[in-house]
Amino acid sequence: MPDIVIETSNGRIRGTTTPSGVHIFKGIPYGGSVAGANRFQPARPPEPWTGVRDALAYGPTAPQARPAEAGGTGADDPASAARMAPFLAFLHGLAGDEPAQDEDCLVLNVWTGGVDQQRARAVLVWLHGGAFSTGSGSWPLYDGTALAARGDAVVVTINHRLGPLGFLHLGELAGDRYRDAGNAGMLDIVLALRWVRDNIAGFGGDPNRVLLFGDSGGASKTSILLGMPAAKGLFQRAAVMSGPLIRSCPADVATANAEELLGRLGIAPADIAKLHDVPAELLIEEAEATGVPIASGLAGAAGSEQFMPFQAVVDGRVLPAHPMDPQASPLGADVPVLVGSTQDDMKMIMLGMPWFGSLDDAGLAALAGGMFGAAGPEFVRAYRAERPDATPSELACAFVTDRVMWWGGIDWAQRKIAAAGAPVYVYRFDFATPALGGILGATHGGEIPFVFDNYPLTPMAGDRPENASVARAVSEAFVRFAQEGDPNHPGLPTWSPYTLDRRATMIFDAESRIEDDPRPAIRELHTRGTG
């Protein structure tokens with residue numbers, strides 16, 4: 001593949017060009033070192049370099065636990081462990097052969113169909129999933145070649161600090177020098193967005209048409225950035241995919257989590273300097289044992305700060321308030337947003353629960369009571385009426401998916417609409433994956449290969465004749481949205497913004513369709529609350 005050299009604000013970089021004409025640049029530094037004395041500090045731009053720097057291979061992945069090592073998989077239960085083994089192998093397949101982990105992980109990747117300045121392409125900046133503790137922008141699942149090959153988009157993926165290295169709130173424990181430690185990972189993303197603003201025109205992109213989008217943890221980060229003053233104006237559209245974060249971690253809870261981690265490490269707040277010398281692997285290992293792991297019951301029954309102890313913190317400065325509570329942040333009011341979920345979003349996480357596949361009616365009633373309080377019996381009746389042939393395990397999975405993702409997305413959209421700003425478009429992705437014998441359904445992250453139009457690169461999509469048409473419909477909607485703030489295109493039925501009167505929802509499937517207010521009875525139940 002022929003080389004291509006681009007001038008950036010830090011120096012020249014060399015990328016490659018595919019036979020289809022897509023220029024690819026990998027591992028571009030957007031931040032300096034965040035190791036050693038710089039650990040827990042806001043990152044600075046990288047030092048300029050002389051000559052031409054190769055951007056031919058992905059840069060380091062942020063230090064993190066591997067999927068099989070992460071908590072909450074139910075691995076202590078033999079039956080759960082047996083179920084999870086093929087699923088974890090599936091996750092490893094999605095990640096591919098990741099680069100080595102390293103604290104100095106502030107790198108990004110760019111795919112573009114042309115670097116000519118005459119055609120200003122929309123820019124799609126992807127925030128990877130994995131909550132706030134795992135993931136990487138270098139997964140094959142996020143390869144931007146196919147989107148860029150269309151010629152109307154520039155795709156950017158990034159790596160940033162995760163877990164305690166990116167979200168350990170030390171401000172109340174260690175003084176002013178560490179006041180931003182709890183949001184260092186979010187400030188990394190802001191630094192990457194500034195790099196895009198300053199450099200993306202050289203890659204053929206338009207810095208005034210930037211879509212910030214992500215799935216799962218990436219969606220939650222997008223929600224947070226809509227409420228961060230430092231991010232204001234750095235992106236003009238957003239997409240929140242299966243991660244509708246309403247509240248982030250309060251400062252007092254984040255401080256308690258930090259105290260617990262310091263106690264595990266045997267470090268007193270007065271000796272905080274010792275924290276810089278703790279090996280990253282040990283820091284992450286102890287962080288995995290901090291908080292409340294999901295070992296049984298239903299995800300979502302506890303606050304996210306309990307089972308995600310290291311996430312963005314409402315510190316009153318970097319993040320002045322919860323992104324969407326008690327109302328949507330006014331900082332993001334002028335940004336149009338796509339909000340959506342998949343039909344079986346949380347089922348993959350439920351595979352590790354001891355009850356999965358063996359839950360009986362009494363167990364379902366107990367779980368419903370734990371989630372919905374006194375309204376539990378009403379939820380059971382309503383879901384049974386909607387899905388009379390579903391097993392108790394399937395209904396339990398639906399409870400979690402709807403509360404966390406489907407209803408969570410509607411709640412998010414309603415709060416954004418109440419801010420009386422830019423429009424919100426709502427979707428649901430129903431195209432089920434055939435992976436693992438179809439057990440996952442329309443799974444969490446299942447829309448990603450179709451948004452990126454790179455479905456042949458992942459086992460998620462399988463080999464189905466409908467894949468190409470679904471990818472065209474979905475990817476074109478996202479590119480149009482990045483270009484114009486409106487996802488409509490000729491390959492879809494007319495998609496109106498979501499309103500409280502009509503509640504227009506795009507159902508992406510083998511044959512996509514618009515439904516107004518899908519499942520109104522279930523929505524009303526969730527609207528009334530959990531008792």
Side-chain angles (χ1 to χ4, degrees), residues 42 125-127 131-132 160 166-167 169 171 179-180 182-194 196-197 208-254 303-305 308 310-341 404-405 407-426 481-482 485 497-500:
V125 179
W126 175 257
L127 303 183
F132 294 81
H160 61 87
F167 301 98
H169 185 55
R179 65 182 184 176
D180 295 329
N183 287 309
M186 296 306 305
L187 291 172
D188 291 346
I189 299 172
V190 171
L191 189 62
L193 289 170
R194 289 175 178 157
V196 169
R197 177 197 62 194
N208 296 309
R209 288 193 295 167
V210 175
L211 167 66
L212 185 67
F213 70 135
D215 187 277
S216 192
S220 296
K221 296 163 198 169
T222 300
S223 294
I224 291 163
L225 287 155
L226 284 162
M228 281 180 60
K232 178 71 175 175
L234 295 176
F235 58 99
Q236 293 74 42
R237 348 266 191 222
V240 174
M241 305 160 59
S242 297
L245 187 139
I246 302 290
R247 292 174 55 86
S248 198
C249 193
D252 59 340
V253 176
S304 68
E305 66 271 13
M308 285 196 307
F310 303 107
Q311 59 171 295
V313 181
V314 181
D315 62 357
R317 283 177 20 81
V318 175
L319 185 59
H322 293 291
M324 303 295 289
D325 187 69
Q327 63 270 325
S329 170
L331 293 170
D334 60 344
V335 178
V337 183
L338 285 177
V339 181
S341 59
V404 177
M405 296 299 185
W407 161 250
I410 292 172
D411 187 21
W412 197 101
Q414 291 178 161
R415 291 167 187 251
K416 178 75 164 65
I417 291 165
V424 177
Y425 294 85
V426 173
F481 188 68
Y498 197 83
T499 65
L500 302 188

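Below, each value reflects all heavy atoms present in this structure, side chains not excepted, and no hydrogens, waters or symmetry copies.
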Can you find a heavy atom in the side chain of Leu319 that is under 4.5 Å from one in the side chain of Val313?
-> no
Spacing of CE belonging to Met308 relative to OG belonging to Ser248, to within rounding of 0.5 Å = 8.0 Å
What is the distance from atom CD1 of Ile189 to atom CG of Leu193, rounded to the nearest 0.5 Å?
-> 7.5 Å
Please round to the nearest 0.5 Å and tell me the distance separating atom CG of Asp411 and atom CE of Met324.
-> 8.0 Å
In chain order, what residues pass the salt bridge (charged side-chain N to carboxylate O under 4.0 Å, His left out) check against Arg197, with sequence neighbours excluded?
-> none
Pair listing, ring-ring contact (aromatic ring centres under 6.0 Å, His included) test, anchored in residues 219-251, at least two apart | none
Does any non-hydrogen side-chain atom of Trp412 lie less than 4.5 Å from one of Val337?
-> yes
Minimal heavy-atom distance between Lys416 and Val424, with the atoms involved, is CG-CG2, 3.3 Å
Can you give me every donor-acceptor pair (side chain of residues 237-246, partner residue at least two apart or in another chain, under 3.5 Å) with its distance?
{"residue": "Arg237", "atom": "NE", "partner": "Phe481", "partner atom": "O", "Å": "3.3"}
{"residue": "Arg237", "atom": "NE", "partner": "Ala482", "partner atom": "O", "Å": "3.0"}
{"residue": "Arg237", "atom": "NH2", "partner": "Gln483", "partner atom": "O", "Å": "2.8"}
{"residue": "Ser242", "atom": "OG", "partner": "Asp345", "partner atom": "OD1", "Å": "3.2"}
{"residue": "Ser242", "atom": "OG", "partner": "Asp345", "partner atom": "OD2", "Å": "2.7"}

Going by heavy atoms in the side chains, are Met186 and Leu225 under 4.5 Å from each other?
-> yes
Within a strict 4.5 Å, meaning less than it, do heavy atoms of the Arg415 and Asp325 side chains meet?
-> yes
List the steps and the verdict of side chain to side chain contact (heavy atoms under 4.5 Å, CB included) for Leu234 and Val190.
-> CA-CA 8 Å; Leu234 295 176; Val190 171; 4.0 Å; yes
Taking every heavy atom of Gly409 against every heavy atom of Val339, the minimum-distance pair comes out as O-CG1, 3.6 Å
Less than 4.5 Å apart, any side-chain heavy atom of Leu212 and any of Leu127?
-> yes
Side-chain contact test, heavy atoms from C-beta onward, threshold under 4.5 Å: evaluate it for Ser329 versus Leu226 and give yes or no.
-> no
Look up atom CZ in Arg247 and atom CD1 in Ile224, then write down how far apart they are to the nearest 0.5 Å.
-> 12.5 Å
Arg179/Asp315 salt bridge by N-O under 4.0 Å criterion | no
Taking every non-hydrogen atom, the tightest pair across Ala254 and Cys249 = N-SG, 3.7 Å
Over all heavy atoms of both residues, which pair between Ala312 and Phe167 is shortest? Give the atoms and the distance, please.
-> N-CD2, 3.6 Å
Would you name the heavy atoms of Pro336 and Ala422 that are closest together and state the gap between them?
-> N-CB, 3.3 Å
Is there a side-chain contact between Trp126 and Phe213, using heavy atoms and a 4.5 Å cut-off?
-> yes
Heavy-atom closest contact (Tyr498 atom, Ile417 atom, distance) = O-CD1, 3.3 Å
Interatomic distance, NZ@Lys232 vs CG@Leu331, rounded to 0.5 Å, equals 6.0 Å
